Structures are given as structure tokens and as C-alpha cells.
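In what follows, a structure is listed as C-alpha cells, so that the remarks can point back to it.
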Amino acid sequence: MFQHFIVMMVYVLHLNLDLDFELIFMKYYDIIIIGGGAAGFFAAINIAEQNPKLKLLILERGKDVLTKVKVSGGGRCNVTHAEFSPQELVRNYPRGEKELIGPFHQFMTGDTIEWFKNRGVELKIEEDGRIFPVSNSSQTIIDCFFNEAKKYEVEILNNHSVKEIQKKDNQWLLNTSTGVFCSEKLVITTGSNTKIWKLLEKLGHTISKPVPSLFTFNIEDKRIKDIPGVVAQNVEVNVVDTNLWSEGPLLITHWGMSAPAILKLSAFGALELEKRDYKFKIEVNFIRKPFEDCLTILKDFKIGLAKKAVFNTAQFNLPKRLWQKLTLASQITSETRWADINKKQLEALANQLTKAIFNVDGKSTFKEEFVTAGGVNLKEINFKTFESKHHNNLYFAGEVLNIDAVTGGFNFQNAWTGAYIVAKSISK
Ligand SMILES: Cc1cc2nc3c(=O)[nH]c(=O)nc-3n(C[C@H](O)[C@H](O)[C@H](O)COP(=O)(O)OP(=O)(O)OC[C@H]3O[C@@H](n4cnc5c(N)ncnc54)[C@H](O)[C@@H]3O)c2cc1C
């Protein structure tokens, strides 16, 4: 204690700061973690478990911690995704794909499932690969984190927003809204927080410009008007005049289009689409067949379904309401029979089915699950330890880094993996 007091006094003199009452009573820790979110708690618990002697503090600016975990996955917390090969898993990260391959060999999906299981939280895999707690409640994850943090006596201070970060004589000095703190090692898990990125710039780090990722497309078009909730199960979409391409289910919404085919484009195209101010054209292939093949099939229908109305005989497993919209857009009336459609109408229908162009004008948030592309430049991080290449004893994990993923549990997996490796490096 006396030693810490001396250290503090040396700082006071050395920094040439005013003899501030708060500074004299500055608190000293081995490790301070800034940010009480997913990555912050996971790092703290793993550090404490691996080395219980270390004095640990989480500083959180909000009045509550783990607020995003609480609302995540619609209140169910999509913890991770059932993808067990690092090579496949990384393909879900538009930013971070190359850098995460090594880390995922250290800690990934299976480890996450086991980590929670060992602490009494059973997870389950849903049909689409998303993994949730069996309880279907994010509170289970929060309770688990609180219990573990309590067990290892991790100190947590809410309402402590970090305003300044300084490095003096191999110690980190943090000025917060409610006092000054000092530590030997510093872990930054502040998510997408612009103020912290500004402080990190002052420390010599470069920040890739934050832009939104994971959003839905606003589209006003007769072909999708008044049919919200309709899903085309397996489409291909590309952004015209770019290399951006995706596949999967497409959901028609009140404002435009959503679901994985669109969300993947929004994540992989986050930078490109921002440059275009979210105004661009997409081409949708609703049936994932080339135009010529589609035309041949339609010609067969013309014979096979001759007496039936095109409007009422939805094909290619397309939902009836979408099929009807696409036939009307091909100048085929609701009464026209297959036998009576001419070549031009057949081609128009094949066109609508395989290369329908839609104008996107703006974006909307996806179930409030917004994620930010951007953050600490990945070239400045050693991915064996998640330590800064500019400063010893400065570590990062989670969304503060320029890493983000498509929806499905991948963003949390990034937080768990980074935090676990930080803990392993620090506790050594
Ligand atoms: C509504 C919603 C639902 C989501 N659902 C899912 C899902 O189901 N599955 C999934 O994988 N991903 C989901 N995500 C994304 C996921 O929540 C994030 O990727 C993840 O929380 C990132 O973790 P993190 O610890 O890096 O940051 P955060 O969880 O954002 O935590 C950062 C913490 O740092 C604190 N902080 C910031 N600045 C300071 C400061 N100056 N001083 C002190 N503290 C500070 C913040 O208050 C916050 O508590 C969802 C996101 C949203 C918004």
C-alpha cells in the first residue's frame, strides 16, 4: 500500500499536475478494463480465473453493464454460430477475415459452448445454425457473468466514463468522470465508441472510419408494395456495377428488403454503399437460374399449364403474392392463360424472375441490431496476443477493433475470442 502511495506521489510530481485531491487518492490496479460489455466481462473473468492474484477493475461509463448483451438476439442472446471450422467461420467477417484465422485456432465456437457449459449455461443450436442459451433468455448469460465476476472479486465501477488515457513510466493513468485510476496493463473493450477512438488516436493508433454495417435496404417499388412478410427462400442479389454479391433468403418488408441475402450485402458492402450514400441498384435473381434456362422452363409451362391463368399458378417455389406481382410487372394480366402469353411477355417474366432491377434509396436498422464497421486499424495489433504494436501492456478486444461480422452470433464470437486471448496473454 505504501509502495502504491509512493508511486502515486511520483506521478503527481512527475506529471506536473495540480495537486488534485482526487489524484492523491488515485486507485492502483494490476489490470484495468475499460468497457463493461461482452468483451470486457469475458476478458475480466478469464484473467481472474487464470491468475486470481491480479487486482482487476472494470470501468463502465453507463449506469448498467452488459446492456447490449441484454437486448441481443431479441432478448435471447445469439451467443455464437454452429460453424466449427476456422476457415469457414472467418468468411462471415467482412473486416477481420484474415486476422481472425489464427485467433480462431485458439478459441472458437466449440470452446465457447464448453466455456458456458462449464459454468452451468447450456446452449442449443437452432436450425439456421444460431446458438442461444437453452433458457432463451440473455439474462442467463448476464447472470453467469455476474456470478463469475463475483466469485473472483472483479471490481466493477459503473458511471465511470474514461475521459483521458496517459502512459507514464510504464503505467497507465486514466482520468474518469469520477476519479483517477492507474494500472500496469490496460484492456480496451469499449465497442464502437467514438470518444475512445479519439483518445486512441492521441496514443498513436489509427482508426478506420466508422460506418454502419448490417442494415436493410429501403426500396419503393410496385413489385414489392403491400406484401410485407413475404419471403423468397433462396435468391441471388448483386449490387449493379460492383463485385458485391450474396445469396440466401430475402424478406420483403414495409420499407424494402431484408433477411440474410440483403444483410450480408450490407455488411460486406458497408464501405462501398456508404460511398454511394445508400443510393444504388440491385439485381435480384429470385430463382437462382440463368435467364435462358428460365425461359426454357417457362415455355414448357406454356404447354403443360396451357389452360391455367399464369397469375394463379406460382412456380419455382416462389410465394404466390410475389409471383403475382412479378407477372403483373411482366404485363401479364391476372386472367391471361399460359397458352395465350406471347414471346415478349415470356421474356419479360423470365427477366423479372432472374434479373429484376430494384432502386435502393436509403437504409433502415435491422431489428435494432446495428453493428459498426471501423475501429482500431488491424495492422497495429499483434493477433497472437491482441496487444497493441505501438504500446506494451495495451490490449484490445471486441468491436473497438476494425472487426465486424454478419448477423448470426459471429459478432459475439469475435468478442469472446479476442477477450479470451487477451486474458491468456495477460495472465501468463
Ligand atoms: C440490439 C443489438 C442486438 C445484437 N444482437 C447480437 C446477437 O444476438 N449476437 C451477436 O453476435 N451480436 C449481436 N449484436 C452485436 C453485439 O452486441 C456486439 O458486437 C458486441 O456487444 C460487442 O461487444 P463489445 O464488448 O466489443 O462492445 P459492447 O458490448 O458495446 O460494450 C462496450 C462497453 O464499453 C462501454 N464504454 C464505452 N465507452 C466507454 C468509456 N469512455 N468509458 C467507460 N466505458 C465505456 C459501453 O458503455 C459498453 O458497455 C447486437 C447488437 C445490437 C445493437
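Indexing begins at 1, ligand by ligand and atom by atom, following the structure's order. Everything numeric in this text was worked out from a predicted model, so none of it was measured.
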Exercise for review: Establish, yes or no, whether a centroid distance under 6.0 Å links the rings of Phe107 and Phe104.
Suggested key: no
Practice item. Report yes or no: does a heavy atom of Val65 sit under 4.0 Å from some atom of ligand 1? Key: no
**Study point:** For atom 21 (O) of ligand 1, the protein heavy atom that lies nearest, with its residue and separation
**Key:** Phe412 CE2, 3.5 Å
Practice item. Check each of Arg130, Arg76, Glu60, Lys63 against atom 47 (O) of ligand 1 and report the one with the nearest heavy atom. Key: Glu60
Review point. Of Asn159, Asn414, Val162, which has the heavy atom at the shortest distance from atom 40 (C) of ligand 1?
Key: Val162
Point to revise | Salt bridge flag under 4.0 Å for residues Glu155 and Lys55 | key: no
Study note, to complete from the structure: Ranked by distance from atom 29 (O) of ligand 1, the top protein heavy atom is Ala38 N, 3.7 Å
Check your understanding: To the nearest 0.1 Å, how far is atom 1 (C) of ligand 1 from its closest protein heavy atom, and which atom is that?
Key -> Glu368 O, 3.1 Å
Practice item. For residues Trp172 and His391, establish whether the separation of their ring centroids is below 6.0 Å. Key: yes
Study note, to complete from the structure: Check: of His160, Glu399, Lys68, Lys195, min heavy-atom distance to atom 30 (O) of ligand 1 comes from Lys68
**Study point:** Ring centers of Trp416, Tyr420 separated by less than 6.0 Å
**Key:** no
Study note, to complete from the structure: From the list Glu97, Glu99, Lys98, side chain to side chain contact (heavy atoms under 4.5 Å, CB included) partner of Val90 resolves to Glu97
